[in-house]
Amino acid sequence: MVEVKINDEVKVGGNNPCFIIAEVGQNHQGDIEIAKKLIKAAKDAGANCVKFQKTCLKEKFTKKYLERPYDNPNSWGKTYGEHKRHLEFSESQYRELFKYAHEVGILCTASAMDMVSFDFLVNMKVPFIKIGSGDSNNLLFLKYAASKQVPLIISTGMVDKSAVKTIYDIISAQHKNFCLLHCISAYPVPYEDCNLTVIQDYMNTFDIPIGYSGQEVGTAVALASVALGAKVLEKHITLEKTMKGTDHVCSLTPPEFQQLVRDVRVIENALGTPIKKVVTSEIPCIDKLQKSLVMGCTKNKGEILYPGDVKIKVAEPKGLNALHFEEVIYKTLVYDKKEDEPLNQGDFC
Ligand SMILES: CC(=O)N[C@H](C=O)[C@@H](O)[C@H](O)[C@H](O)COP(=O)(O)O
Ligand SMILES: C=C(OP(=O)(O)O)C(=O)O
């Protein structure tokens, strides 16, 4: 199975555990202390990585768009530009955050929301660069990103399958060190729009690790994505869901994130093998409750066992496994047998 190399220690895909990204995004409210608390919370929750969103505003947005009024309860300014400026950390603040994450001991990166930010992140030597759904139609940027030969995790919200194939073709023409994440870009995503089985379709179509970036409320859908085979899982993290900001509503609090990580690991462990076999932990139940073949009546040596003469019961001691019922019928007893006595190999011929 194809693996993506994040760094010397961390690989994604194949038989590696699901790589869990705690997406801070802009849930830091523009406050570096909150950002640090979220980095620490992500580490304590057991996430593999914590992620921000790096934007060069004049590269990502037109002047007119930045001047657009942004008058809603989640806004940090009168215009979209003011709002975004409030939420954007400077390069030196990013350096401080990356340093802090390093001290805390968690991988830290960001989504490059434009080419300028991409270059900054390459220079910062982040373990991989995320390209969010806002760029799933930005083929120019995707080509540029692919040419830089850094590991990429790419979300595929807001486009259809044919565009996703194009993204795959663009990146894989340069390298295979990338993952695609199924994503629906709504905040929050109604459950009926999650279309989680797209993950399986991606897995059947693409020879790279597939993951899920979930914007729905809660953890159930994210957990299901892992059961379906997601090798990367991204969920937003917040200190408090009632905080101001567009994404808090679809985010997980630190205890919820911790539970998510725990449950993902339980699911991975439980997925086990597709080979159905009797496992050691079942032996006590087999001993206690599995049924076996016993005599349904008292019969003597030389008599034939007719269907009604053999019963299937939980017995002590056990007889032959009840699966052998058909093999016993119409055989001749070689011993006298009492009702309820177990029937074993050698009792008939
Ligand atoms: C598509 C995309 O970029 N989505 C991101 C990742 O999920 C979001 O975090 C947005 O940045 C956020 O919802 C924008 O909110 P506002 O417009 O209020 O700053
Ligand atoms: C928009 C982003 O992600 P997604 O599309 O996965 O929500 C992002 O990472 O910035």
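When a ligand or atom number is given, it counts from 1 through the structure's own listing order.
Relative orientation of the Tyr306 and Tyr330 rings is perpendicular, given thresholds of 30° and 60° on the angle between their planes. By the 30° and 60° cut-offs, the orientation of the rings of His175 relative to Phe178 is perpendicular. Using a 30° and 60° split on the angle between ring planes, Tyr202 and Phe206 fall in the perpendicular class, above 60°.
Within the listing of ligand 1, atoms 14 (C), 16 (P), 19 (O) sit less than 4.0 angstrom from a heavy atom of Lys84. The His83 neighbourhood of ligand 1 comprises atoms 16 (P), 18 (O), 19 (O), with distances under 4.0 Å to a heavy atom of that residue.
Between Glu103 and Lys99 there is a salt bridge, with a side-chain nitrogen of the basic residue lying less than 4.0 Å from a carboxylate oxygen of the acidic one. Between Lys299 and Asp309 there is a salt bridge, with a side-chain nitrogen of the basic residue lying less than 4.0 Å from a carboxylate oxygen of the acidic one. Using a 4.0 Å cut-off between charged nitrogen and carboxylate oxygen, Lys241 and Glu256 count as a salt-bridge pair. The existence of a salt bridge linking Lys78 and Asp71 is excluded, since no basic side-chain nitrogen approaches an acidic carboxylate oxygen closer than 4.0 Å. Lys318 and Asp287 are not joined by a salt bridge, as no carboxylate oxygen comes within less than 4.0 angstrom of a charged side-chain nitrogen. A salt bridge is absent between Asp169 and Lys165; no separation between the charged side-chain nitrogens and carboxylate oxygens falls under 4.0 Å.
Shortest contact from atom 14 (C) of ligand 1 to any protein heavy atom: Gln26 NE2, 3.5 Å. For atom 18 (O) of ligand 1, the closest heavy atom belonging to the protein is Thr246 OG1, 2.4 Å. Residue, atom and distance of the protein heavy atom nearest to atom 7 (O) of ligand 1 are Tyr187 OH, 2.9 Å. At the shortest separation from atom 9 (O) of ligand 1 among protein heavy atoms lies Asp247 OD2, 2.4 Å. The protein atom (non-hydrogen) at minimum distance from atom 17 (O) of ligand 1 is Tyr80 OH, 2.5 Å.
For the pair Glu23 and ligand 1, the shortest N or O to N or O distance does not fall below 3.5 Å. By the 3.5 Å distance cut-off applied to N or O atoms, Lys60 is not counted among the residues near ligand 1. The shortest N/O to N/O separation between Ser133 and ligand 1 does not fall below 3.5 Å.
Asn74 does not count as a contact of ligand 1, since none of its heavy atoms falls under 4.0 Å from the ligand.
For the residue pair Glu23 / Gln53, a side-chain donor-acceptor distance below 3.5 Å is found, with atom types taken as modelled.
Within a 6.0 Å sphere centred on NZ of Lys291, other residues, nucleotides and ligands contribute 12 heavy atoms or fewer. Applying the 6.0 Å contact sphere to OH of Tyr335 captures no more than 12 heavy atoms from other residues, nucleotides or ligands.
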Below 3.5 Å only, please: the N or O atoms of ligand 2 paired with protein N or O atoms, distance on each line.
from, atom 1, to, atom 2, distance (Å)
ligand 2, 3 (O), Lys130, NZ, 2.8
ligand 2, 5 (O), Ser133, N, 2.8
ligand 2, 5 (O), Ser133, OG, 2.5
ligand 2, 6 (O), Lys130, NZ, 2.9
ligand 2, 6 (O), Ser155, OG, 2.4
ligand 2, 6 (O), Ser213, OG, 2.6
ligand 2, 7 (O), Gln215, OE1, 3.1
ligand 2, 7 (O), Gln215, NE2, 3.3
ligand 2, 9 (O), Lys51, NZ, 2.9
ligand 2, 9 (O), Ser111, OG, 2.5
ligand 2, 9 (O), Lys130, NZ, 2.7
ligand 2, 10 (O), Ser111, OG, 3.0

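When the heavy atoms of Gln53, Gln215, Met113 are ranked by distance to atom 3 (O) of ligand 1, first place goes to Met113.
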